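The figures here come from the full heavy-atom set of this structure, side chains too, leaving out hydrogens, waters and symmetry mates. Letters A, B, ... mirror the listed sequences (proteins, then strands); counts begin at 1. From a predicted model like this one, the values you see are computed outputs, not experimental measurements.
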Protein chains: 2
Amino acid sequence: MSASLPPLIHVVDDDESLRTALLRLLGAAGFEARGYATTGNFLLWPPPDRPGCVLLDVRMPGPSGLDLQAALQRQNNPLPVVFLTGYADVAASVRAMKAGAVDFLTKPVEREALFEAIQRALAHDAAQRMARAEAERLRAAFATLTPREREVFNRIVLGQINKQIADALGIAERTVKIQRAQLMTKLGAGSAAELGRLAERLRHLPD
Amino acid sequence: MSASLPPLIHVVDDDESLRTALLRLLGAAGFEARGYATTGNFLLWPPPDRPGCVLLDVRMPGPSGLDLQAALQRQNNPLPVVFLTGYADVAASVRAMKAGAVDFLTKPVEREALFEAIQRALAHDAAQRMARAEAERLRAAFATLTPREREVFNRIVLGQINKQIADALGIAERTVKIQRAQLMTKLGAGSAAELGRLAERLRHLPD
DNA sequence: AGCTCCATTGCCCTTTCGTCCAATAGTTTC
DNA sequence: GAAACTATTGGACGAAAGGGCAATGGAGCT
């Protein structure tokens, strides 16, 4: 396993002085950070696939922070979002939190609250990345199975024995054994118990 | 499976006229509902174990709605919470949402928004109940295993075969076979694959 | 046409599993 | 003290799993 890259923090705010202040603050704390004056700028420079999070203003000229949050969610690798806003707007805060924001802070932001939120966002991102990577490995392994092997796999994890599978599929038991051996190799499973565990993990992945 | 009881909605608000209005509105919509003037009243009459949700005012004399939410979370069977508040308070709304509230509505509440939130809360509750019941069944089944059976179980799901388990535990293979058969009966599993699935599900339960 | 991948089958052999028989002994419980 | 539960072992038998060897046939790609 290679150590993952250091996190990159994206600051999206149309208030330039605040933005540069934030970037300075983050830099002083040892974070790498980039600033964007509009949601459009952020989407134009698609961030590299690195751990990180987004500090997002709600009200900006053009598409709002909530719009950008929605756009991020539609991606497959959404970065966690922490909102920063100058206007007390309960409806916006509730909407943002329901959409999965890590936090919703009001300006002026207290240093401590900001860094606490960033820590949680980065932790969230790290966990998400691990889960996504794991899911990807699983999916990739299953993608190498042929239709027949998939069929046999499903019946094995249901507890059927080779003879039952052979009868159900109208083929010889010998054939089932071969496909069973092949799918176990492909999935890297050494036993029926491991097949069951893989099946259960697969079931809990969003299709 | 018995059909579960109809949901019961708890309205906690110190404003009596609003409370009775809400109760009337909910009753007219076909819901069973109860009112409480204070958080203390709610905690004094512990709600029966029924599907439902809580409509909760934030500011009340005595413990606040947020306090009650925290108390509910500490229970093992928390009811989903929908907040209703007369004061626009971003900090409170964010705190409530971070603590898992289903929604945070501001008075005057629109009928539609209220019912939409209630529907989501009840759906959330139903899903939670199913998951909790499932988890309980699993736990109960595992609780009947003896220490030795648990040990054998763990090794089976790791893919070890009887002989390996016997060697590792310093006992005869014959003994392992018996404990294996016993634990499979107790867990209602018919195959090693099912044992693997049970193990994976167990792993994903909060210990 | 040649090659690779997938699906298929039969025979045979070894290992492992699932159970049947019967038996001993420590602990906890009533 | 007896009953119940748990842990333990031995021998033995049939069923199931895993794999080696050899072979056929269709689909798709170069």
Starting at CD1 of A:I161 and ending at P of D:dG18, how long is that distance when rounded to a whole Å?
12 Å
At under 4.0 Å, does any side-chain N or O of A:N162 touch on OP1 or OP2 of D:dA16?
no
Proximity to the side chain of B:T175 - top-ranked nucleotide from C:dT16, D:dT9, C:dT8:
D:dT9
Out of A:P48, A:C53, A:P51, which residue meets the side chain to side chain contact (heavy atoms under 4.5 Å, CB included) rule with A:L8?
A:P48
Quick one: which of C:dT9, D:dT8, D:dG18 gets closest to the side chain of A:M184?
D:dG18
Between C:dT8 (P) and A:D167 (CG): distance, integer Å:
14 Å
Nearest whole Å is fine: how far is D:dT6 P from B:L145 CG?
10 Å
With sequence neighbours left out, write down each residue that passes salt bridge (charged side-chain N to carboxylate O under 4.0 Å, His left out) with A:E32, or none if nothing qualifies.
A:R50
Of B:R174 and A:E173, the one whose nearest nucleotide on DNA chain D sits closer to the 5' end is B:R174
Atom CD1 of B:I165 and atom C1' of D:dA7 are separated, to the nearest Å, by 16 Å
Checking B:N154 side chain against B:R150 main chain: does a donor-acceptor pair fall under 3.5 Å?
yes
Does B:Q179 put a side-chain nitrogen or oxygen below 4.0 Å from OP1 or OP2 of D:dT8?
yes
Classify A:T146 by what it touches in the nucleic acid, base, sugar-phosphate, or nothing, heavy-atom distance under 4.0 Å.
sugar-phosphate
Using whole Å, what does the distance between atom P of nucleotide D:dA7 and atom CZ of B:R148 come to?
8 Å
Report the distance from atom OG of A:S93 to atom CE of B:M97, rounding to the nearest 0.5 Å.
8.0 Å
Could you check whether any side-chain N or O of A:Q179 sits under 3.5 Å from a backbone N or O of A:V176, counting only pairs where one atom can act as donor and the other as acceptor?
no
Are OP1 or OP2 of C:dT15 and a side-chain N or O of B:K163 less than 4.0 angstrom apart?
no
As a test of reading the structure: which of D:dG10, C:dT8, C:dG10 is closest to the side chain of A:A172, going by heavy atoms?
C:dG10
Atom-pair distance (NZ on A:K177; P on C:dC12), nearest Å
13 Å
Spacing between A:Q164 atom CD and D:dA15 atom P, to the nearest angstrom
15 Å
Of the nucleotides D:dG18, D:dT9, C:dT9, which one has an atom closest to the side chain of A:I178?
C:dT9
Atom CD of B:Q182 and atom P of C:dC17 are separated, to the nearest Å, by 17 Å
